[in-house]
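Scroll down for the structure; my scribbles are underneath it.
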Protein chains: 2
Amino acid sequence: MEKIISKYKGKFKLTPQRIAILKFLDNNTGHPTAEDIYNEIRKKYPTVSFATVYNTIQALKDRGELSEVTIDPQRKHFDPNLRPHHHIICTVCNRIGDIFTDFSAVLHLPEEILAEYTLTGNHIDFYGVCSECRTGKESMFQQ
Amino acid sequence: MEKIISKYKGKFKLTPQRIAILKFLDNNTGHPTAEDIYNEIRKKYPTVSFATVYNTIQALKDRGELSEVTIDPQRKHFDPNLRPHHHIICTVCNRIGDIFTDFSAVLHLPEEILAEYTLTGNHIDFYGVCSECRTGKESMFQQ
DNA sequence: TACTATCTTGGAACAATTCTATTATAGAAT
DNA sequence: ATTCTATAATAGAATTGTTCCAAGATAGTA
């Protein structure tokens, strides 16, 4: 928490709302949506607006400290984990998990693609059914 | 074209609007959005509505003949290509290309992930810069 | 303690998509 | 060929997620 605050000192204004957002995002592996963030911050700051949530998200994206996860067709999810990684989506409960394996070395593309594109990156979405959903507890998590 | 029509005979009503959509989608590798489809069909049927476009998209998705591509954070793209494949996105012009290499055999996941999930599939997004965008003609394609 | 650039807020605006009620029509039945 | 009916097309309203805006508030500097 002190770490979070000192990290941003003198960079952008640390308002109470922003501190709450930063705390919520710190080590958050749940891939929250803007609404998830809003609902969390609202517990402590009931008058917080979506504008503040989106503004802060944008500020963090601009600083490269948050990335947008475009997996869910309905809404954007956000990910504060800066370590490059892939995702695994449970097709029953839709939760998004992280995969930290680097597959770059084995993703050999055909020559004609390499000639056509200068490659800069890759991202893999794995699909599966998580253990909770397999053991019949899925209703707890379905969205 | 005759092929398209015979394929759907007796399955769902082949209206002129739907036939135009099917023709536009047939062998279409451009990953069109609903608006792309709407604009195309409107050339021939100026009174076509978005509802018809979305209804037809839904009907095709229900029949497994069209998939949704969730890459663009702004809007959905659609892909009539049933052959399993991956995508490559030019980070300059945002065009989506197809990659038909099957990487399943080399995507070995850690044991703890395999224990947690029953895997059902994967999809890779490659990022790069296409040749047009490299040679300075990118403005033609930027969106 | 005062200052000011930046932030927060509520609500309006916007864009993509879905829904609804009405009218039209494809394809089956006659 | 004509009628019938289930399904489709349409215009526009509604909904959802996100962005914008103007006014008041405040963090951090001076």
Side-chain angles (χ1 to χ4, degrees), chain A residues 2 4-24 31-63 66-78 94 143, chain B residues 4-24 31-63 65-78 94 143:
Chain A
E2 263 316 313
I4 297 173
I5 291 174
S6 61
K7 179 178 178 187
Y8 289 93
K9 206 171 245 176
K11 312 258 178 128
F12 77 168
K13 274 197 186 177
L14 278 174
T15 64
Q17 294 88 337
R18 286 185 163 188
I19 291 169
I21 293 173
L22 292 170
K23 280 164 77 173
F24 178 60
H31 308 87
T33 64
E35 190 180 12
D36 294 334
I37 298 171
Y38 172 74
N39 285 333
E40 177 66 24
I41 305 321
R42 208 161 45 136
K43 290 179 189 167
K44 195 166 178 190
Y45 301 97
T47 67
V48 75
S49 68
F50 263 107
T52 295
V53 172
Y54 279 109
N55 284 345
T56 304
I57 285 171
Q58 189 57 54
L60 293 173
K61 285 202 296 184
D62 290 345
R63 295 161 53 82
L66 190 66
S67 67
E68 205 170 286
V69 178
T70 308
I71 283 180
D72 182 342
Q74 299 312 306
R75 69 206 107 243
K76 294 173 183 171
H77 292 248
F78 299 96
N94 294 308
Q143 62 175 32
Chain B
I4 297 173
I5 292 175
S6 62
K7 180 178 177 187
Y8 290 93
K9 206 171 246 176
K11 313 257 180 129
F12 79 168
K13 274 196 187 178
L14 278 175
T15 65
Q17 295 89 336
R18 286 184 163 189
I19 291 169
I21 293 173
L22 291 170
K23 280 163 77 173
F24 178 60
H31 308 87
T33 63
E35 190 179 12
D36 294 334
I37 298 170
Y38 173 73
N39 285 333
E40 177 66 23
I41 304 322
R42 208 161 45 137
K43 291 179 189 168
K44 196 165 176 191
Y45 301 97
T47 66
V48 76
S49 68
F50 263 107
T52 295
V53 172
Y54 280 109
N55 284 343
T56 305
I57 286 171
Q58 189 58 52
L60 294 172
K61 285 202 296 183
D62 289 346
R63 295 162 53 81
E65 290 168 7
L66 190 66
S67 68
E68 206 170 285
V69 178
T70 309
I71 283 180
D72 182 341
Q74 298 310 307
R75 69 204 106 243
K76 295 172 183 171
H77 292 248
F78 299 96
N94 294 310
Q143 63 175 30

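The sequence lines fix the lettering, A, B, ..., with proteins before strands; numbering per chain opens at 1.
Straight-line distance from the CZ atom of A:R42 to the P atom of C:dG10: 11 Å, rounded to whole Å. In this structure, CG of B:D72 is placed 14 Å from C1' of D:dG17, rounded to the nearest angstrom. B:I21 has its CD1 atom 10 Å from the C1' atom of D:dA9, to the nearest Å. For the pair B:L22 CG and C:dA26 C1', the interatomic distance rounds to 15 Å; values are reported in whole Å. A:Y38 has its OH atom 16 Å from the C1' atom of D:dT19, to the nearest Å. Atom-to-atom, CD1 of B:I19 to P of D:dA9 comes out at 10 Å; the value is rounded to the nearest Å. Rounded to whole Å, the distance from CD on A:Q17 to P on C:dT6 is 18 Å. Rounded to whole Å, atom P of C:dG10 lies 15 Å from atom OH of A:Y45.
With sequence neighbours excluded, no residue forms a ring pair (Phe, Tyr, Trp, His ring centres under 6.0 Å) with A:F24.
Not one side-chain nitrogen or oxygen of B:R18 sits closer than 4.0 Å to the OP1 or OP2 atom of C:dA26. At C:dT8, one or more side-chain N or O atoms of A:T15 fall inside 4.0 Å of OP1 or OP2 (strictly under the cut-off). The side chain of B:T52 contributes an N or O atom lying less than 4.0 Å from OP1 or OP2 of D:dT10.
In terms of heavy-atom proximity, B:H77 sits nearest to B:H31 at ND1-O, 2.7 Å. A pairwise comparison of heavy atoms in B:V53 and B:I21 identifies CA-CD1, 4.2 Å as the closest pair. Scanning both residues, A:P16 and A:Y45, for their nearest heavy atoms gives CB-OH, 3.3 Å. In terms of heavy-atom proximity, B:Q74 sits nearest to B:D72 at N-OD1, 2.8 Å.
Under the 3.5 Å distance criterion, the side-chain polar atoms of A:R18 are left unmatched by any main-chain donor or acceptor of A:T56.
Base pairing analysis places C:dT30 opposite D:dA1; the two distances defining the Watson-Crick or G-U wobble pair are each below 3.5 Å.
Screening residues 32-41 of chain B for salt bridge (Lys or Arg N to Asp or Glu O under 4.0 Å) gives B:E40-B:K43 as the qualifying pairs, with residues at least two apart or on separate chains.
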Requested in this report: For nucleotides 15-21 of chain C, just jot down a letter per nucleotide in 5' to 3' order: B, S or -, based on protein non-hydrogen atoms under 4.0 Å.
Outcome: -SSBB--
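Of the candidates D:dG28, C:dT9, C:dG27, the closest approach to any side-chain atom of B:K13 belongs to C:dG27.
When heavy atoms are screened at a 4.0 angstrom cut-off, B:P46 is found touching no nucleic acid atom at all. Residue contacts for A:T47: at a heavy-atom cut-off of 4.0 Å it reaches the sugar-phosphate backbone alone, with no base atom in range.
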